[in-house]
Protein chains: 2
Amino acid sequence: MIRIVLADDEDLIRGALAALLNLESDIEVVAQADDGVAAVRLAQEHRPDLAVFDLEMPGWDGLAAAHQLRTAELGIPVVLVTRHARPGVLKRALTEGVRGFVPKTTPASKLAEILRDVHAGGRYVDPEIAASALTAANCPLTARELELLRIAQHGGTINSIAEQAHLATGTVRNYLSSAMTKLGVQTRHEAARRAWEEGWI
Amino acid sequence: MIRIVLADDEDLIRGALAALLNLESDIEVVAQADDGVAAVRLAQEHRPDLAVFDLEMPGWDGLAAAHQLRTAELGIPVVLVTRHARPGVLKRALTEGVRGFVPKTTPASKLAEILRDVHAGGRYVDPEIAASALTAANCPLTARELELLRIAQHGGTINSIAEQAHLATGTVRNYLSSAMTKLGVQTRHEAARRAWEEGWI
DNA sequence: CAGCACTCATGACATCTGTCATGACTGACC
DNA sequence: GGTCAGTCATGACAGATGTCATGAGTGCTG
């Protein structure tokens, strides 16, 4: 019996996934969490064979929760389920020791098999994401550039970005301009969008 | 037995929802579609008691598919399932005759009950979304303003927006400026974001 | 038919954005 | 200790953006 802690902030989806998994005779969802903090707490409580976390959750996202579990050294393999299969996120997940990375476009019939594999010591990365990640550009941006693009995502003026980052507006303009040049785009918004799509932010 | 056609482009989620629903003794998922076009085709083929469509799908989204079903006059009630509960989308859905509007944060245990209600002639709107929609600003923007904000969402320059819309750049600047004034924001990106959040685009 | 709202456009202008140059400072590395 | 990359900043400048005014055309409504 593979005992699983499942985490997803969307109740309906989480319940449906639990229903799907509980159809399997060798798989049991022993606890469900609706955010990353609860996920880690329940995993520590239940010591499951496997943790299945949705990537996008409030507070600690799936990746941060996986990091916390790893830090706690419980040896619980983590499988991340994600709507947006962004290559940079996959890289970060694998670096974090995540054993499975499953886009929501994966056939439902395949999930149990993937979880069994991971439980048996294997890893799972969707072939398409793997290919995409292998050909993906390495992130050419510095930490500061990424941070400013994160803020720029909200659409505000350069001045408001500078206020939020506690920098001079000239400094922000320089950093964003540098990022735009590296990415070959024309506006900071395109740069932010690109960085998001690649999974860098 | 309530016969359902289910549509969602994310295989895993769709399969999980089907598993959840098929646990109910009086509910049966008779067909599954992964986009709006297939959803409408399968609904016409199977003549289900109910259609359950995810809002965000490629090609026809859930709303457009509901519109197509309504146009076909098959009398199939539609329930939309959505990740982002945006008030403008709810309004449009209800105008389109959608009988149920279910955010993914809804407890899984509640879905079957909601579907039974709708099948019995009722309607379901999540109370929080209903409240949000009732207090939501009416869309103050013209069709043209909305269209330009849609294009502006991608982050491109004014010039590229003008090219895509087949308008002069001055015209685009005027429309976007007008939209920004109406929404009380400072950049076109903030305007686009706001319009999206309200469900206007 | 007049008024109104919307669409489309031009033009003037102030401000914002992006580019480029430059330089000071810091920490890591050889 | 010198070099390098990253961080932060200032300043100059050209072009993009946003604001405002204005006007022509269209279709709808009372």
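Reminder, nothing fancy here: chain letters follow the sequence lines and each chain counts from 1.
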Trainee: Report the distance from atom CD1 of B:I151 to atom P of D:dT17, rounded to the nearest whole Å.
Mentor: 14 Å
Trainee: Please report, rounded to the nearest Å, how far the P atom of D:dT7 is from the CG atom of A:L176.
Mentor: 13 Å
Trainee: A:E147 has an atom CD; how far is it from atom P of D:dT7, in whole Å?
Mentor: 10 Å
Trainee: Just to be sure I understand the rule, does B:T142 reach a base, reach only the sugar-phosphate, or reach nothing, if contact means heavy atoms closer than 4.0 Å?
Mentor: sugar-phosphate
Trainee: To the nearest Å, give me how far apart CG (A:N174) and P (C:dA24) are.
Mentor: 16 Å
Trainee: I'd like to know if the side chain of A:R83 and the backbone of B:E10 have a donor-acceptor N/O pair within less than 3.5 Å.
Mentor: no
Trainee: Are OP1 or OP2 of D:dT17 and a side-chain N or O of B:R188 less than 4.0 angstrom apart?
Mentor: yes
Trainee: Taking B:L141's backbone N and O only, do any of them form a donor-acceptor pair with B:E145's side chain (distance below 3.5 Å, no angle check)?
Mentor: no
Trainee: Starting at atom NZ of B:K182, determine the distance to atom C1' of D:dG18, rounded to an integer number of angstrom.
Mentor: 16 Å
Trainee: Considering only distance and modelled atom types, tabulate donor-acceptor pairs under 3.5 Å from the side chains of residues 100-115 of chain B, sequence neighbours left out.
Mentor:
residue: B:K104; atom: NZ; partner: B:D54; partner atom: OD1; Å: 3.2
residue: B:T106; atom: OG1; partner: B:P103; partner atom: O; Å: 2.7
residue: B:K110; atom: NZ; partner: B:Y124; partner atom: OH; Å: 3.3

Trainee: According to a strict under-4.0 Å criterion, is A:T171 in side-chain N/O contact with OP1 or OP2 of D:dA9?
Mentor: yes
Trainee: For this output row, return yes or no: ring centroids of B:W60 and B:H67 closer than 6.0 angstrom.
Mentor: no
Trainee: Can you tell me how far CZ of A:R3 sits from NE2 of A:H46, rounded to the nearest 0.5 angstrom?
Mentor: 8.0 Å
Trainee: B:E145 or A:I158: which one's nearest nucleotide on DNA chain C is closer to the 5' end?
Mentor: B:E145
Trainee: On DNA chain D, does the nearest nucleotide to A:T169 precede the nearest nucleotide to B:T187 from the 5' side, or the other way round? Give the residue.
Mentor: A:T169
Trainee: Keeping A:N22 on the side-chain end and A:V29 on the backbone end, is there a donor-acceptor pair under 3.5 Å?
Mentor: yes
Trainee: Counting heavy atoms from C-beta on, name the nucleotide in C:dT10, D:dG18, D:dT7 closest to the side chain of A:Y175.
Mentor: D:dT7
Trainee: May I have the distance from A:M180 (atom CE) to C:dT19 (atom C1'), rounded to whole angstrom?
Mentor: 9 Å
Trainee: Reckon A:R173 has a side-chain N or O less than 4.0 Å from the OP1 or OP2 of C:dC16?
Mentor: no
Trainee: Which whole-number value in Å describes the distance from B:N159 CG to D:dA14 C1'?
Mentor: 16 Å
Trainee: Has the side chain of A:S178 got a donor or acceptor atom that lies under 3.5 Å from a matching backbone atom of A:N174?
Mentor: no
Trainee: Axis-to-axis angle across the helix from C:dC1-D:dG30 to C:dC30-D:dG1, five pairs an end, to 10 degrees?
Mentor: 30°
Trainee: Less than 4.0 angstrom between a side-chain N/O of B:S177 and OP1 or OP2 of D:dG18, yes or no?
Mentor: no
Trainee: Nearest whole angstrom, please: distance from the P of D:dG18 to the CD1 of B:I161.
Mentor: 8 Å
